[in-house]
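Working notes, beginning with the structure itself.
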Amino acid sequence: RPRPGLARFRGCLAGALLGDCLGAVFEGRSVVKLPELLSFLKGLEPAPPEEGGEAAGSARGESLPYTDDTAMSRSVVQSLLAKREFDEVDMAKRFAEEYKKEPNRGYGMAVVNVFKKLLSPKCNDVFEPARAQFNGKGSYGNGGAMRVAGIPLVYSDIQDVKKFAKLSAELTHANSLGYNGAILQALAVHLALQEGLSRETFLEQLISHMEHVEADDKSLSDARALGFEDLPFSRRLKKIKEFLELSSVPKADVLFELGNGIAALRSVPTAIYSFLRCMDADPDIPDHYNALQRTIIYCISLGGDTDTIATMAGAIAGAYYGEEQVPPSWEQSCEAFQETQRMAKSLYELYCQRL
Ligand code: R7I
Ligand code: MG
Ligand code: MG
Ligand code: MG
């Protein structure tokens with residue numbers, strides 16, 4: 001199998017950054033009107049050249065700030081680059097220090113409690129604070145999934161991808177409905193990095209891996225304790241397969257079956273569906289937008305947890321299509337985009353070294 005090129009690594013991190021920064025503008029709205037979204041995006045394009053005006057090609061306005069999704073993704077990447085492999089103590093420290101430095105990035109309500117415990121000198125098991133969340137049941141939020149892309153950009157072996165996606169998520173999300181979402185998102189990025197995988201193969205592989213991942217005792221008991229059927233992620237992947245066989249799927253059906261919320265179960269499958277659906281043109285989204293742009297636009301148009309769903313779908317789509325589909329005007333509108341490009345290059349070098 002040919003090794004993935006640098007363009008996919010850059011596309012992945014850029015897609016994730018775009019999804020977070022653009023999505024954050026609309027986060028938490030129950031309805032996002034497409035004309036408003038498209039008009040906002042038009043404002044990011046370079047102003048037409050005018051006499052005595054701004055130089056053509058420069059993005060207008062202030063840069064769009066990233067949120068906790070990117071702050072934590074960057075900690076994952078920086079830890080992997082510094083330690084050359086997964087190191088739970090170093091990664092936990094970076095999450096907590098980053099939160100302490102910039103607490104107002106829009107973190108989940110409960111996870112800040114984990115950071116505070118991690119910052120205490122009395123903490124000698126970095127997984128313990130996460131296990132104590134929600135009366136010992138652990139969080140099922142999407143925070144483990146939103147930040148996981150760095151793992152499949154370092155580890156090429158699929159068993160390693162699963163193992164370290166899980167461990168990285170367990171630093172904050174001890175409920176299997178949280179960390180299994182991170183495994184699913186990491187597997188999606190892993191598969192997207194491979195050359196020319198068809199939509200059908202991509203989904204079949206995700207289903208067969210997740211049926212295995214979700215079959216262990218803890219996954220079964222966590223799902224039952226919350227009133228879900230067995231193998232909830234796998235079931236939603238099968239629903240995605242059904243959706244993709246239809247000529248059109250109304251937004252209301254996507255929201256009902258897959259969701260747009262802060263639980264990993266109500267957002268990771270939605271991001272995967274958005275990526276796969278947007279491989280094809282969408283009658284509501286203008287044709288001049290490419291598939292990566294269409295993916296991000298579609299995610300945001302669903303409303304709800306827009307930054308997180310768009311960052312996850314953006315990472316997958318960016319890994320699949322590569323940086324050629326990342327529009328410079330969009331990228332340059334995002335905070336810290338140049339540092340993101342440097343991180344992608346360093347990850348690529350580490351990935352190749354480890355092969
Ligand atoms: O998962 P997490 O890091 O939050 C990520 C989200 C993304 O949308 C970011 O963009 C940011 O906005 O936040 O943080 P957590 O606090 O662990 O989980 C997020 C929320 O999910 C919690 O504040 C709860 O509202 C909910 N939640 C739960 N509610 C009840 N019982 C997560 N786990 C549980 C639970 O077990
Ligand atoms: Mg956020
Ligand atoms: Mg979190
Ligand atoms: Mg969010």
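Atoms within a ligand are numbered from 1 in the order they appear, just like the ligands themselves. One is the number of the first residue; the rest follow in order along the sequence.
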TODO: Check each heavy atom of V111 against ligand 1 and say whether those closer than 4.0 Å belong to the side chain, the backbone, both or neither.
DONE: both
Open item on the list: Under 4.0 Å, heavy-atom basis, I'd like to know which part of Q133 is in contact with ligand 1: side chain, backbone, both or neither.
Closed with: neither
TODO: Would you name the heavy atoms of V249 and F243 that are closest together and state the gap between them?
DONE: CG2-O, 3.4 Å
Task: side-chain hydrogen bond (donor to acceptor under 3.5 Å, both in side chains) between S139 and N175, worked out - done: CA-CA 5 Å; S139 173; N175 193 291; over 6 Å; no
Open item on the list: Quick one, D20 with T70, criterion side-chain hydrogen bond (donor to acceptor under 3.5 Å, both in side chains). Give me CA distance, side-chain angles, the key distance, then yes/no.
Closed with: CA-CA 7 Å; D20 184 24; T70 300; 2.5 Å; yes
- [ ] For ligand 1, note which part of F134 has a heavy atom under 4.0 Å away: side chain, backbone, both or neither.
- [x] side chain
Task: Y107 N/O to ligand 1 N/O under 3.5 Å - done: no
Task: Where the Mg ion (ligand 2) is the vertex, angle from D68 OD1 to D307 OD2 to 10° - done: 170°
- [ ] Check whether any N, O or S atom of T311, backbone or side chain, sits closer than 2.8 Å to the Mg ion (ligand 4).
- [x] no
- [ ] Determine whether any heavy atom of M72 lies closer than 4.0 Å to an atom of ligand 1.
- [x] no
Task: Backbone N/O of P232 and side chain of R236: donor-acceptor pair under 3.5 Å - done: yes
- [ ] Please state whether the rings of F275 and Y321 are parallel, tilted or perpendicular, taking 30° and 60° as the class boundaries.
- [x] perpendicular
Open item on the list: Report the atom name of the nearest N/O/S atom of E27 relative to the Mg ion (ligand 4).
Closed with: OE2
- [ ] Provide the number and element of each atom of ligand 1 under 4.0 Å from a heavy atom of A110.
- [x] 16 (O), 23 (O)
Task: Candidate list T311, T308, N142, test side-chain hydrogen bond (donor to acceptor under 3.5 Å, both in side chains), partner D69, passing option - done: T308
Task: For atom 19 (C) of ligand 1, the option (of L226, N135, I262) bearing the nearest heavy atom - done: I262
Open item on the list: I need the atoms of ligand 1 closer than 4.0 Å to a non-hydrogen atom of M109, numbered in the order shown.
Closed with: 16 (O), 23 (O)
Open item on the list: Could you tell me, atom by atom, which parts of ligand 1 come under 4.0 Å of a heavy atom of G138?
Closed with: 36 (O)
Open item on the list: Would you say the Mg ion (ligand 2) has T67 as a near neighbour, meaning an N/O/S atom of that residue under 2.8 Å away?
Closed with: yes
Task: D307 neighbourhood, listing ligand 1 atoms whose heavy-atom distance to it stays under 4.0 Å - done: 10 (O)
- [ ] Check if D68 has a non-hydrogen atom at a distance under 4.0 Å from any atom of ligand 1.
- [x] yes
Open item on the list: Test your reading of the model: is there a side-chain donor-acceptor pair from Y155 to the backbone of F86, 3.5 Å cut-off?
Closed with: yes
TODO: Output the list of atoms in ligand 1 that are nearer than 4.0 Å to some heavy atom of S139, sorted by atom number.
DONE: 15 (P), 17 (O), 18 (O), 32 (C), 33 (N)
TODO: Report, in ascending order of atom number, the atoms of ligand 1 lying under 4.0 Å from any heavy atom of H173.
DONE: 1 (O), 2 (P), 3 (O), 17 (O)
TODO: Select one of side chain, backbone, both or neither to describe which atoms of N142 lie under 4.0 Å from any atom of ligand 1, heavy atoms only.
DONE: both
TODO: Show the numbers, then the answer: is there a side-chain hydrogen bond (donor to acceptor under 3.5 Å, both in side chains) between Q341 and E331?
DONE: CA-CA 10 Å; Q341 292 176 349; E331 190 181 24; 3.1 Å; yes
Open item on the list: Between the side chains of K93 and E98, is the shortest nitrogen-to-carboxylate-oxygen separation below 4.0 Å, so that they form an ion pair?
Closed with: no
- [ ] Give the numbers and elements of all ligand 1 atoms closer than 4.0 Å to a heavy atom of G106.
- [x] 11 (C), 12 (O)
TODO: Please identify which atoms of ligand 1 are closer than 4.0 Å to at least one heavy atom of D69.
DONE: 9 (C), 10 (O)
- [ ] Looking only at N, O or S atoms, find the one in D305 nearest to the Mg ion (ligand 4) and name it.
- [x] OD1
Open item on the list: At a threshold of 2.8 Å, where the distance has to be below it, does the Mg ion (ligand 2) have an N, O or S atom of D69 nearby?
Closed with: yes
